[in-house]
Structures are given as structure tokens and as C-alpha cells.
Amino acid sequence: MNFDFDDRTEELRARLLEFMAERIYPAEQVFAEQARHSGWSHPPVLDELRAEARRRGLWNLFLPGAYGAGLTNQQYAPLAEITGRSPGLAPAALNCAAPDTGNMEVLAEFGTAAQRERWLEPLLDARIRSAFAMTEPDVASSDATNIATRIERDGDEYVVNGRKWFITGAMNPLCQVFIVMGKTDPDAPRHRQQSQILVPRDTPGVTIRRGMHTFGWDDADHGGHAEIDFVDVRVPVGNLISTEGSGFAIAQARLGPGRVHHCMRLIGMAERALELMCRRVSGRYAFGGPLADQGVVQDWIAEARVRIEQARLLVLKTAWLMDTAGNRAARTEIQAIKIVVPETAQWVVDRAIQAHGAAGVSQDTPLARLWASARTIRLADGPDEVHRRSLARRELRRHQPAGD
């Protein structure tokens with residue numbers, strides 16, 4: 001395994017670091033101030049940053065193939081880490097923010113020509129937003145086979161009925177389409193019951209009930225997290241993605257690269273938190289000297305560096321495996337990073353908050369928001385326990401006696 005950055009990665013890293021320093025960090029306070037008055041729409045400064053990102057060739061970096069920058073997972077990983085230092089602004093400025101990234105990957109890989117023309121092309125240009133409607137309030141959605149929303153064929157249409165919640169981005173007026181996951185055949189084998197279908201936002205029967213909060217934040221600047229009713233929603237059969245029964249497989253394909261993206265951004269978040277902690281303790285005095293001289297603080301800093309380096313190496317190995325052997329061969333590593341990286345980021349941010357005292361939980365630093373984001377991702381990409389269960393079962397199979 002060679003994790004050296006190739007020439008293209010180095011070039012893009014240099015451009016991105018410059019963009020972060022010149023445009024993203026100075027815009028964070030402007031973004032936050034505008035967000036207070038923007039409702040569910042994105043703050044206007046984001047449009048300026050997007051135009052500049054496109055001008056600098058920093059657009060759709062996440063998407064491989066002809067539709068995006070054509071980067072491998074290993075090439076994109078360090079770029080995602082850089083954007084994670086400002087997770088609420090930088091990914092969106094580069095059109096590399098979830099859930100649109102995952103939806104674009106689905107449309108690029110599984111969509112028909114008509115679906116790509118209608119939905120993928122405007123998403124690539126950031127003219128519209130999209131959402132992925134999977135999680136439901138009335139079932140344990142950590143087991144995707146529990147999903148109860150029905151997608152039933154009726155002549156030349158499918159009829160969708162169900163309730164979804166925590167549908168990220170759906171409150172934004174620019175969100176024009178949902179990819180809805182539901183059951184087309186409840187009697188089929190467990191992993192062949194579900195399908196995914198495109199539902200335009202303005203379809204009769206689609207009702208957005210409310211925006212959900214995460215740790216008190218409505219995340220309006222990112223389009224919020226909606227609770228949505230689908231009642232007798234009719235869409236053409238041509239809106240089905242791929243085939244009936246392929247929904248679970250599509251979801252797994254969607255989550256593979258997305259997990260690397262999330263994890264590298266989390267490492268960027270942890271790096272920024274560590275940097276803020278070091279600056280804080282070097283300039284604050286208590287008990288006769290700088291906080292940086294306290295043994296417990298030095299222990300936090302050393303432990304943070306060790307944990308970040310370990311997590312980064314595991315993610316880079318995962319990206320390398322995905323590129324060289326495929327997502328299936330990297331299943332163990334993909335699940336491992338989903339366990340390790342969010343916990344690592346949360347731990348580092350938590351110590352940085354402690355070092356800042358009351359300021360750490362205030363609006364004067366990004367730390368409280370970073371902590372909430374890291375903690376939420378431990379649910380949003382599947383609960384830790386689900387990844388641990390699957391990983392343990394795979395490990396146990398490796399050591400079963402022959403014939404058992």
C-alpha cells in the first residue's frame with residue numbers, strides 16, 4: 001500500500017488549501033450570520049463561493065467517471081479531509097455535500113438516460129437539491145429490511161405510501177426530488193423486497209410535516225431534516241431506479257464511497273479541533289502557568305494525535321482497497337472506519353471543548369457544532385452497534401472449523 005499523493009492529488013490539494021484560506025474560513029462568520037435570516041434556503045454567500053470553486057476547478061470532485069472530476073477514492077480522500085475542517089460550508093461550496101453526492105452517484109450508476117437528463121444534470125450544476133428518503137419513525141431503520149413504506153405498481157404508475165423522517169436537505173426550496181426507498185414485494189427474500197424510486201417534490205400527496213432538530217440545531221443552512229408523508233403519491237413507472245427488488249443493493253452501493261467521504265471529513269474536523277485546542281491552551285493561564293503545561297492537557301493532545309493518525313491510515317487503506325479490489329473486498333474496512341472515525345472525531349472535539357471551557361460550548365467557536373455533527377453521524381450512517389455486529393459476524397466466520 002502506497003499512500004503517497006500523486007501529482008494530480010497534490011495539485012488539487014494545493015488549490016483547495018488556498019481556497020480554504022482565502023475564501024472559506026473568512027466566509028464562515030458571514031455564512032453563520034446570513035443563515036439566521038435565510039430560512040430553509042442556503043445563505044447567499046454560498047453562491048459566491050460556488051462560482052469561485054468552479055472557476056478554480058474545484059467542482060464535483062467526489063464523483064468518479066465522466067460526470068465528475070474522475071478521481072479515485074484514494075485521490076479524493078485527502079481532499080475530503082480538507083473540506084471537513086469547515087464541514088458546514090466547504091463541501092457545499094464544492095458541490096460535494098451529502099445527500100446530493102450519494103444521489104448523484106446513484107443516478108450516474110443506476111439511472112436511465114432520461115433520469116440523468118432530468119435530475120443528474122441540474123444536480124451537477126447545483127441548480128437543484130435532492131434528498132434520500134429512507135429512515136422511518138415507526139420502525140427500527142437501522143435494519144433497512146424493516147422499512148414499511150410501500151411502492152405498488154398500478155398500471156403505468158407506482159403508488160407510494162409511507163412516512164419518512166430525518167430526510168436531510170428536504171426543507172430547502174431547491175430540493176426538487178426525493179429518492180424514496182420502499183417495499184415493492186414484501187413476500188420476496190428479505191434483501192429483494194425493496195426498490196428505489198424518484199418522487200418529484202411537487203407530486204400530489206407529498207406533505208412535508210416539519211423539520212427535525214439534531215441536538216437543538218435545525219441545520220436550516222443545509223436544508224434541514226424533514227419529516228414527510230407520502231399518501232397515495234403517483235409517479236410514472238419510468239421513475240423506478242434500476243429494477244424492482246434492487247433497492248437494498250443500490251443503497252449499499254451508494255453508501256460505500258459515501259462512508260469514505262464522511263470519514264475523511266470527520267478527520268478534517270478532528271484536525272481543526274486539535275489545532276484550536278493547541279492554540280487555546282498555549283494562550284490561557286491558570287494555576288500559575290499556561291494550560292499547555294498541565295499534564296492532563298498534554299495527554300489529551302498526544303492521544304488526539306495518535307488517534308487521528310490511526311484513523312487516517314485506516315481510511316486511506318479502505319480507499320486503496322476500494323480502488324484496487326472493489327467495494328465488496330473492502331467491506332470489513334468500510335465498517336471498521338464507520339466505527340472508529342466518528343468516535344475518534346467526537347473524542348478529539350470533546351477534549352477541545354473541555355480545553356476551551358465555557359467558550360467551547362458557545363457560538364464563538366465551531367466546536368459545539370462539530371461535536372453535534374460527529375455524534376449525529378454515529379447514527380446517520382448506521383448505528384455503531386450495527387457495524388460492530390456485522391463486523392464481528394464476518395470475523396467469526398473466518399475462524400469456524402471446517403464443516404461447521
Side-chain angles (χ1 to χ4, degrees), residues 20-21 23-46 49 80-94 96-101 129 166-172 211-226 258 261-281 300 304 307-308 311 341-381:
M20 296 287 290
R23 301 301 300 269
I24 295 294
Y25 299 134
E28 286 180 333
Q29 288 301 318
V30 177
F31 184 80
E33 183 61 34
Q34 290 181 352
R36 297 188 183 99
H37 311 287
S38 299
W40 295 109
S41 300
H42 63 258
V45 69
L46 183 58
L49 295 171
E81 177 182 337
I82 294 170
T83 65
R85 294 177 60 88
S86 184
L89 185 55
L94 275 59
C96 292
D100 293 312
T101 48
R129 290 285 310 275
F166 284 97
I167 308 308
T168 300
M171 304 298 292
N172 190 314
M212 309 300 299
H213 288 194
T214 57
F215 290 102
W217 275 291
D218 61 14
D219 294 332
D221 56 351
H222 190 52
H225 312 283
H261 303 171
H262 272 313
C263 286
M264 289 307 291
R265 284 193 292 263
L266 283 161
I267 290 171
M269 290 164 52
E271 284 283 11
R272 189 170 188 190
L274 177 56
E275 178 184 314
L276 289 170
M277 176 164 55
C278 289
R279 290 180 177 177
R280 177 75 171 188
V281 300
W300 292 345
R307 292 190 185 203
I308 290 171
V341 180
E343 288 184 345
T344 294
Q346 185 183 331
W347 187 93
V348 175
V349 175
D350 187 75
R351 296 311 183 274
I353 289 173
Q354 198 72 9
H356 280 74
V361 297
S362 76
Q363 69 270 39
D364 289 348
T365 78
L367 292 171
R369 195 74 179 265
L370 293 180
W371 187 93
S373 178
R375 184 63 186 87
T376 302
I377 286 175
R378 292 178 59 193
L379 295 169
D381 273 359

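Positions are given from 1, in the same order as the sequence printed here. Quick caveat, the model's predicted, so the values are computed rather than measured.
Taking 4.0 Å as the cut-off between side-chain N and carboxylate O, R272 and E28 count as a salt-bridged pair. In summary, E275 and R85 engage in a salt bridge, as defined by a charged side-chain N under 4.0 Å from a carboxylate O. Under the 4.0 Å criterion applied to side-chain N and carboxylate O atoms, D364 and R280 are not assigned as salt-bridge partners.
For the pair C96 and T101, the tightest heavy-atom approach, listed with the atom from each and the gap, is C-CG2, 3.3 Å. S86 approaches Y25 most closely through the heavy-atom pair CB-CE2, 4.5 Å. Residues P43 and S38 approach most closely at CA-OG, 3.6 Å, considering heavy atoms. Contact detail for G169 and R129: the closest heavy-atom pair is CA-NH2, 3.8 Å. Among all heavy-atom pairs drawn from P87 and G84, the shortest one is CD-O, 3.2 Å. Contact detail for L367 and G360: the closest heavy-atom pair is CB-O, 3.7 Å.
Using a 4.5 Å cut-off on side-chain heavy atoms (C-beta onward), L276 and P366 make contact.
How far CG of D221 is from CD of Q34: 11.0 Å, rounded to the nearest 0.5 Å. Distance CG/L94 to CD1/I24: 7.0 Å, rounded to 0.5 Å. For the atom pair CZ of R307 and CH2 of W347, the computed distance is 4.5 Å after rounding to the nearest 0.5 Å. Between atom CG of residue L266 and atom CG of residue L370 there is a gap of 9.5 Å, rounded to the nearest 0.5 Å. Between H222 atom NE2 and N172 atom CG the span is 9.5 Å, to the nearest 0.5 Å. Here CH2 of W40 is found 4.5 Å from CE of M171. Values are rounded to the nearest 0.5 Å.
Under a 3.5 Å cut-off, the side chain of T376 and the backbone N or O of A372 do form a donor-acceptor pair.
With T83 as reference, R265 is the one residue of M264, R265, M269 to meet the side chain to side chain contact (heavy atoms under 4.5 Å, CB included) rule.
Side-chain N/O atoms of H225 and D219 include a donor and acceptor closer than 3.5 Å.
Heavy-atom contacts from other residues, nucleotides or ligands closer than 6.0 Å to CD of Q354 number 12 or fewer.
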